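Quick notes on the structure that follows.
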Amino acid sequence: MKKIIKAVLPVAGFGTRFLPATKAIPKEMLPIIDKPLIEYAVEEAVNAGIEEIIFVTSHTKVAIENHFDTNFELEEKLQKNSKHEFIPLINPENFKNVRFTYVRQKSPNGLGDAINHTSHLINDEPFAILLADDLIFSEESCLSQLKIVYESLGSSVIGVNEVPQDEISKYGVIDPKYVDSNIKVNNIVEKPSINDAPSNLAVVGRYILDNEIFKYLERTKKDSSNEIQLTDAIKLMLTDHEVFACKYKGNKFDCGSKKGFVAATVFKGLQDEVISKAIYDLVQKS
Ligand code: UTP
């Protein structure tokens, strides 16, 4: 079985729901406490064995390139001022052997279009996709949990979780078929109405896909908002290939929305040994 060594992290969206904050700063650079969303996603990928991170980026996202580059001036200053403890934070040891590659998506024509921009960088191999705005805190990372399913079944795997009925229309939703202890994807529907939703299992921003997906992305037509959706390409792929779902264990926050972003900040703050007491008192009082 081929190893998964490449991960695509699309970051070329407008981040409209976070304006004006995202006018000049990429949404993925917004921090949960002191770490940008994108770094949590890169950490998750690297800890799951990924060796190359491919960002699909745009002209407004240079801050992301700078974030994963070396900042010699700052490192030197920290050395000189004996603030050594900060150096591993700006130059993490576990990113040292990771290759960072950047591809430009000229205009945000949808997640499927963003992924399709990486076809020349993915060989005959499965690859991971992580959407940094879906932040997941768990003992074993969400991507590692998907990897276990991929390694046991050898097919594409998408992360799913249960969502309440009144939120289902915001997501891609799967029609599941339970086979032994696995969930096979029968069908997948992008943002269905409550009545048309085939289940309460919504797709989260973690995928391990066979490279055949590019063939289907080529054939995928734009949707009513003029975007090419990854979900639609997966739906096409289902006609010839098996795809499985992984109901991962963990706490997921949709940090592309204000509610999810604030919830993630409070959740993480309550785990931080320095500020947890203050955050707890604040939440209790309000
Ligand atoms: P979202 O659907 O959250 O879109 O994209 P967005 O533009 O970031 O945010 P809003 O809806 O305008 O507030 C999910 C992920 O896919 C990337 C985004 O950067 C985000 O990480 N994306 C989306 C692209 O890279 N290109 C696209 O054309 C669309």
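In listed order, ligands and their atoms are each counted from 1. What you are looking at is a predicted structure, and each value in this text was computed from that prediction instead of being measured.
Every residue two or more places apart in sequence or in another chain was checked for a side-chain contact (heavy atoms from CB on, under 4.5 Å) with Ser181, and none qualifies. Taking the ring pair (Phe, Tyr, Trp, His ring centres under 6.0 Å) definition, one finds that Tyr280 meets it with nothing, sequence neighbours left out. Remark: Phe100 pairs with Phe68 by the ring pair (Phe, Tyr, Trp, His ring centres under 6.0 Å) rule, at least two apart or across chains.
Taking CD1 from Ile87 and CG from Leu74, the interatomic distance works out to 8.5 Å, rounded to the nearest 0.5 Å. Here the straight-line distance linking atom SG of Cys142 with atom NZ of Lys252 works out to 10.0 Å at 0.5 Å rounding.
Environment of NE2 in His84: crowded, with over 12 heavy atoms of neighbouring residues, nucleotides or ligands closer than 6.0 Å.
Within 4.0 Å of ligand 1, contacts by protein heavy atoms are made from Pro10, Val11, Ala12, Gly13, Phe14, Gly15, Thr16, Arg17, Lys27, Glu28, Gln105, Pro108, Asn109, Gly110, Leu111, Ala114, Asp133.
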